[in-house]
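Remember, it's a predicted structure, so these values are computed and weren't measured experimentally.
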Amino acid sequence: MQTANTTTRSFDAWIAALRDVCGSFDSKPEWRQRFQGSVSKRHQAGIEIAGITTNVERIFHRQPPSTSDETEHCFLVVQKQGQATLVQNNQQLKMRPGEMALLDSAKACEILPHGLIEHDSFHLPREELTRHFGEQPIPFMKISANCASGQILQLIVSRMVTGQITATETESISHSVTNSLISLLPAIYQNQQPSAMLLEQAGDTLYECILRFIDHHLHEDELGPALMAKQFHISTRQLYRLFEQHDESVCRYVQYQRLERCAEELASQQKCQQSITQIAYKWGFTDSAHFSRSFKRRFNSSPREYRRMSLNNAS
């Protein structure tokens with residue numbers, strides 16, 4: 001493994017090192033006096049890997065000319081420390097430690113660190129990626145471990161990031177590792193497609209199905225975004241986006257529906273023997289004080305006042 005490290009003490013030196021290793025990136029430091037950053041470059045298993053540490057506000061890459069040498073590679077970004085947002089194709093990916101994403105070097109992109117971050121960028125030959133993806137443009141995507149291909153890729157990358165591949169192994173498997181990483185990416189993309197297509201092609205139908213699911217499971221304590229996403233085979237991020245398309249919030253919708261059910265039972269003469277706490281717990285609330293505050297915000301009266309007024313009006 002060949003290693004060349006450049007640890008910088010100033011922003012200007014850091015951005016120069018970044019451009020030397022990764023291409024024509026630019027950046028904006030939040031505070032030059034508080035800037036931290038380093039850039040390293042190493043070769044492992046035949047792949048150039050850039051190691052980047054920084055706390056800048058923004059890193060951006062403008063779309064290079066198609067004839068530029070900068071389109072020779074795509075970036076498989078591994079978030080090692082901290083959190084960041086990656087932007088490309090008018091889409092955003094929130095990156096947490098251990099997560100990976102694929103960026104197309106032929107398109108503009110942004111990296112927005114949330115404080116100090118560290119990531120490794122695997123430089124994969126774009127020509128080979130294009131050949132493997134065929135007619136499908138190289139996608140901007142997070143690498144999911146929900147399929148065997150994603151799990152295998154994460155295992156390979158993890159061993160490389162942590163230095164578990166020895167120098168002897170590097171010499172003997174360099175070509176096969178590069179081919180393996182590239183050939184796994186289209187399979188990972190295809191596995192992630194059904195959920196995205198489901199949202200795009202059947203958004204309203206899916207939304208109605210989720211609303212019916214919520215309606216039937218309001219009384220269950222564990223009803224929440226994670227359960228719904230699992231039930232409908234989508235990510236929680238996709239679930240949130242689906243509700244946003246209808247100007248709604250998942251958690252707010254669930255809470256409002258539960259409050260409506262509680263209000264119905266508080267106003268019912270048949271339920272007057274049940275305590276307010278019993279009704280609240282029946283519909284998924286586990287904290288009576290929180291329930292009372294939420295109810296008052298929703299109906300402008302406490303549960304006790306609401307019940308008294310409703311029953312008096314009915315008699």
[X] vs [Y] side-chain heavy atoms within contact, under 4.5 Å:
X: S294; Y: R298; result: no
X: H132; Y: L185; result: no
X: F295; Y: L266; result: yes
X: S121; Y: H123; result: yes
X: L86; Y: Q88; result: no
X: L259; Y: F285; result: yes
X: E128; Y: T178; result: no
X: M309; Y: S301; result: yes

Does any N or O in the side chain of [X] come within less than 3.5 Å of the main-chain N or O of [Y], such that one atom is a donor and the other an acceptor?
X: D120; Y: V78; answer: no
X: Q238; Y: S235; answer: yes
X: R258; Y: W283; answer: yes
X: S268; Y: E264; answer: no

same_hphob_cluster([X], [Y]) at 4.5 Å side-chain heavy-atom cutoff:
X: F299; Y: Y256; value: yes
X: Y207; Y: L227; value: yes
X: M100; Y: F133; value: yes
X: Y281; Y: V254; value: no
X: Y240; Y: L242; value: yes

Flag if over 12 foreign heavy atoms under 6.0 Å of [atom1], [X]:
X: Q91; atom1: CD; value: yes
X: E127; atom1: CD; value: no
X: R252; atom1: CZ; value: yes
X: R237; atom1: CZ; value: yes

- Note on the structure: For R19, the side-chain hydrogen bond (donor to acceptor under 3.5 Å, both in side chains) test, sequence neighbours excluded, returns D26

- Item | Those residues that, when tested against T85, pass side-chain hydrogen bond (donor to acceptor under 3.5 Å, both in side chains) (two or more places apart) | K94, H114

To the nearest 0.5 Å, tell me how far [X] [atom1] sits from [Y] [atom2].
X: I210; Y: F243; atom1: CD1; atom2: CZ; result: 5.5 Å
X: R42; Y: I47; atom1: CZ; atom2: CD1; result: 10.5 Å
X: M141; Y: I188; atom1: CE; atom2: CD1; result: 5.5 Å
X: Q154; Y: I143; atom1: CD; atom2: CD1; result: 8.0 Å
X: Q81; Y: H119; atom1: CD; atom2: NE2; result: 13.0 Å
X: Q136; Y: T130; atom1: CD; atom2: OG1; result: 11.0 Å

- Reference residue E99; test side chain to side chain donor-acceptor pair (under 3.5 Å); the match among K142, K80, Q79, Q83: K142

- For salt bridge (Lys or Arg N to Asp or Glu O under 4.0 Å), just list the numbers for D287 and R293, CA-CA rounded to whole Å, side-chain angles, deciding distance to a tenth of an Å, and then say yes or no. CA-CA 10 Å; D287 184 315; R293 289 193 298 269; 5.3 Å; no

- Task: Take the angle between the ring planes of H217 and H219 and call it parallel below 30°, perpendicular above 60°, tilted in between.
- Result: parallel

- Parallel, tilted or perpendicular: which describes the rings of F25 and H61, with under 30° parallel and over 60° perpendicular? parallel

Distance-minimising heavy-atom pair for [X] and [Y]:
X: I156; Y: S180; value: CD1-CB, 4.2 Å
X: D104; Y: C74; value: OD1-SG, 3.7 Å
X: F291; Y: C262; value: CE1-SG, 3.7 Å
X: S27; Y: I15; value: CB-CD1, 3.7 Å

- Listed partners of F140 passing ring-ring contact (aromatic ring centres under 6.0 Å, His included), at least two apart: none

